[in-house]
2 protein chains.
Amino acid sequence: MTATTRTRLSPQERRSQLLDLGVRLLATRSLDELSIDVLAEEAGISRGLLYHYFGNKHAFHEAVVRRAADDLIAQTAPPVDGDPIERLLISVTAYVDYVVANYEGYLSLVKGAAGGNDTLREIYDEARSALTDRVFREDAQAGSGLGTIITDTPTNRLLVRGWSAMSEELVLTWHAHPTGVSRDELIAIMATSLPALVAAQPDA
Amino acid sequence: MTATTRTRLSPQERRSQLLDLGVRLLATRSLDELSIDVLAEEAGISRGLLYHYFGNKHAFHEAVVRRAADDLIAQTAPPVDGDPIERLLISVTAYVDYVVANYEGYLSLVKGAAGGNDTLREIYDEARSALTDRVFREDAQAGSGLGTIITDTPTNRLLVRGWSAMSEELVLTWHAHPTGVSRDELIAIMATSLPALVAAQPDA
DNA sequence: TGCCGTTATTGAACAAGTGTCAATATACTG
DNA sequence: CAGTATATTGACACTTGTTCAATAACGGCA
């Protein structure tokens, strides 16, 4: 429509632009609706260029999901110091706020990863691990707070993972179907759940 | 290859066969990799026949997921009488055993539903609600056990839903990545988690 | 037993999207 | 201001979703 002159960017810039656009578009459509055609047109480039940068559709999707996951991890990074149980609260708060701010995109990430390839699932898994492993890492260096409660046992690993899935479900349904529960209440529910779950197990 | 003679089945039989095959195939590939081509070849029929029975690809996917969901609900129905907290244990046990027995199929359900469109998610949601609503239903008619703990509040509804997601994650990872945790321990973890989660909330 | 009508089933044809590659034009360099 | 490296294109081959008139298997009826 506008100009027929092709604009030539550096590989980094173009790659970055395409990934950003991919993540943004993922907010309004599902992963398999994110076709090469749509993205090429939206970016104002030819289809061929996408193949030049990403090889094929799956690889592109993978790159988009990975970028979204990295985004999530980066934006919910907890502070490195402070009381462990307080840092958990901060982490959870950051997570909730992130999901609320990027709800559509986050939903697409979850949906896309869960329903997709093994590779996609793996990326998603890594992201969740990155979020939850903090719990154990925080543990190790502190002798109080969570440190005294959550030891690194198979049962607790399982529990933390389960808690992670629960948290995801909680935020998503809380946002999708608002009830009387406030944001702070939700955060409190999530934060108190983890110690409660661990403490409820007879093993310890 | 083998025979060129076409076999003519009754609509019920054919439909059933195609759905069974769909569920089975979905266990080893993602939803969008479950193409009409693949299924037609695997079933030994023409692509056209699938369209005759299901209209289009989405409708077929929907039918496959629905079949998997119905299967799950039917096979994990809890007994109608007995101590509430004991029935919870029985329910959880049935659920775990079902997932272990039909791991591939259950994976299909989860993968298919999570990654799909709103209709698919709704089917999946219904299935999970069918499982969790029992908790509240069991509640109402009993004055002891869970009945005294889990009242029907927004917070508790949210918690039960979250617990459901956690349970799913627990069984799946427990089965996919076996650690030292035994089946009975897993069941105990899941069963004790629900009351623990509810009790941990200050509200009540 | 053998025709006959119902209808389950097919295969060819079309649409839309994925992937390939030699040709082209843009920005940089001397 | 050429000359060159290479980012970018557009046309083409191929896979996959979808439609529909033609075909053939099975049950019923003579």
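Letters A, B, ... are given to chains in the order of the sequence lines, protein chains preceding strands, and every chain is numbered from 1. Because the structure is predicted, anything quoted here is derived from the model rather than measured. We use all heavy atoms of the structure for the numbers below, so side chains are in, but hydrogens, waters and symmetry mates are not.
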Using a heavy-atom cut-off of 4.0 Å across all strands, would you classify B/Ser10 as base, sugar-phosphate, or nothing?
nothing
Nearest of D/dA7, D/dA24, D/dT16 to any side-chain atom of B/Arg6?
D/dA24
For atom CD1 of A/Ile36 and atom C1' of C/dT18, their distance in whole Å:
8 Å
Looking only at side-chain N and O atoms, does B/Tyr51 come under 4.0 Å of OP1 or OP2 in D/dT19?
no
Does any residue of residues 40-48 of chain B have a heavy atom under 4.0 Å from DNA chain D, and if so, which ones, in number order?
B/Arg47
Partners of B/Arg29 by salt bridge (charged side-chain N to carboxylate O under 4.0 Å, His left out), sequence neighbours excluded?
none
Can you sort out the partners of A/Thr132 under side-chain hydrogen bond (donor to acceptor under 3.5 Å, both in side chains), two or more places apart, ordered by chain and number?
none
Could you note down all residue pairs passing ring-ring contact (aromatic ring centres under 6.0 Å, His included) where residues 163-182 of chain B supplies at least one of them, sequence neighbours left out?
B/Tyr103-B/His175
Residues two or more places apart in sequence or in another chain: which of them pass salt bridge (charged side-chain N to carboxylate O under 4.0 Å, His left out) with A/Asp70?
none
Sorted by chain and number, sequence neighbours left out, side-chain contact (heavy atoms from CB on, under 4.5 Å) with A/His58 holds for A/Asn56, A/Asn117, B/Glu33
Start at the 5' end of DNA chain D and walk down; is the nucleotide closest to B/Ser35 or to A/Leu50 reached first?
A/Leu50
Beyond-backbone contact of B/Lys111 with A/Arg121, side-chain heavy atoms, under 4.5 angstrom
yes
Looking at DNA chain C, which of residues 11-33 of chain B put a heavy atom within less than 4.0 Å of it?
B/Pro11, B/Arg14
With respect to the side chain of B/Leu9, which nucleotide from C/dT18, C/dT26, C/dT9 is positioned closest?
C/dT9
Please tabulate, one pair per line, all N/O donor-acceptor pairs under 3.5 Å involving side-chain atoms of residues 37-53 of chain B, not counting sequence neighbours.
residue, atom, partner, partner atom, Å
B/Asp37, OD1, B/Arg47, NH1, 3.0

Can you sort out which residues in residues 52-66 of chain A have a heavy atom within less than 4.0 Å of DNA chain D? Ascending by number, please.
A/His52, A/Tyr53
Matching residue for A/Tyr98 among A/Thr93, A/Leu72, A/Val171, A/Ile73 - test: side chain to side chain contact (heavy atoms under 4.5 Å, CB included):
A/Leu72
Once you apply a heavy-atom cut-off of 4.0 Å, does A/Leu49 come out as touching a base, just sugar-phosphate, or nothing?
base
Which pairs would a plain distance check flag for residues 11-26 of chain A, meaning a side-chain donor or acceptor within less than 3.5 Å of a matching protein atom at least two apart in sequence or in another chain?
residue, atom, partner, partner atom, Å
A/Glu13, OE1, A/Ser10, N, 3.3
A/Glu13, OE1, A/Ser10, OG, 3.4
A/Arg14, NE, A/Gln17, OE1, 3.0
A/Arg14, NH2, A/Gln17, OE1, 3.3
A/Asp20, OD1, A/Arg67, NH1, 2.6

Taking only residues two or more places apart in sequence, or in another chain, which ones meet B/Arg8 in a side-chain hydrogen bond (donor to acceptor under 3.5 Å, both in side chains)?
none
Taking only residues two or more places apart in sequence or in another chain, which ones pass salt bridge (charged side-chain N to carboxylate O under 4.0 Å, His left out) with A/Glu169?
B/Arg128, B/Arg161
Starting from C1' on C/dA25, measure out to CZ on A/Arg8 and report it in whole angstrom.
8 Å
